[in-house]
Amino acid sequence: ADHQPVPLFGCMQIMQEDEDGDSLPLFLVRSEAEDAVRRVIEESGVSAEEAAEFQVVGISLVDAVELLATDPEAPPFRFIPPASSVEFIKQIKLKT
């Protein structure tokens with residue numbers, strides 16, 4: 001049976017730093033990936049020429065997992081849930 005691919009969106013020029021090191025954020029919502037890119041460009045003060053290279057690209061979840069499994073040079077990924085899902089979970093936790 002054919003499965004509908006789960007789309008992910010990211011920008012190879014953006015890495016997220018945390019206690020585990022750098023990771024590439026992959027978003028489930030394209031507009032949230034675009035917003036993150038816009039924020040990084042504004043906060044980092046890159047030139048307009050450099051900013052033009054910050055492109056949001058799509059990759060399927062299957063391809064992302066395959067890349068992690070087969071390419072030792074691939075950066076670790078951080079999967080970013082939709083803001084609406086995070087908010088929904090917060091609301092549920094507040095009720096319990």
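- A single hydrophobic cluster is not seen to contain both L28 and V86; linkage of ILVMFWY side chains at heavy-atom distances under 4.5 Å, directly or through other members, places them apart.
- In terms of the side-chain hydrogen bond (donor to acceptor under 3.5 Å, both in side chains) criterion, residue partners of E34 (sequence neighbours excluded) are, by chain and number, R30.
- Considering every non-hydrogen atom in both E32 and P82, the closest pair reads OE1-CA, 3.5 Å.
- The shortest heavy-atom contact between F9 and V29 is CD1-C, 3.9 Å.
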Please output the side-chain donor-acceptor pairs of residues 61-70 that fall under 3.5 Å, not counting sequence neighbours, one pair per line with the distance.
unit_1 : atom_1 : unit_2 : atom_2 : d
D63    : OD2    : S60    : OG     : 3.4
T70    : OG1    : E66    : O      : 2.8

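- How far CD1 of I59 is from CG of L26: 7.0 Å, rounded to the nearest 0.5 Å.
- In this structure, the separation between NZ on K90 and CD on E87 is 5.5 Å, given to the nearest 0.5 Å.
- Without hydrogens or angle criteria, S85 side chain to P81 main chain gives no donor-acceptor distance under 3.5 Å.
- Dense packing is recorded around CZ of F79, with more than 12 heavy atoms of other residues, nucleotides or ligands lying under 6.0 Å away.
- Both V40 and V46 belong to a common hydrophobic cluster when Ile, Leu, Val, Met, Phe, Trp and Tyr are linked at side-chain heavy-atom distances under 4.5 angstrom.
- One distance of note links CZ of F88 with NZ of K93; it measures 12.5 Å at 0.5 Å rounding.
- Between the CD1 atom of I89 and the OG atom of S84 there is a distance of 10.0 Å, given to the nearest 0.5 Å.
- L24 and M12 make their closest contact through CD2-SD, 3.6 Å (heavy atoms, listed as atom of the first residue, atom of the second, distance).
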Please test V37 against I14 for side-chain contact (heavy atoms from CB on, under 4.5 Å), starting from the C-alpha separation and ending with a verdict.
CA-CA 7 Å; V37 168; I14 294 178; 3.4 Å; yes
Could you pull out all donor-acceptor pairs under 3.5 Å where a side-chain atom in residues 47-56 meets a protein atom, sequence neighbours excluded?
unit_1 : atom_1 : unit_2 : atom_2 : d
S47    : OG     : E50    : N      : 3.1
S47    : OG     : E50    : OE1    : 3.3
E50    : OE1    : S47    : N      : 3.0
Q55    : NE2    : A52    : O      : 2.8

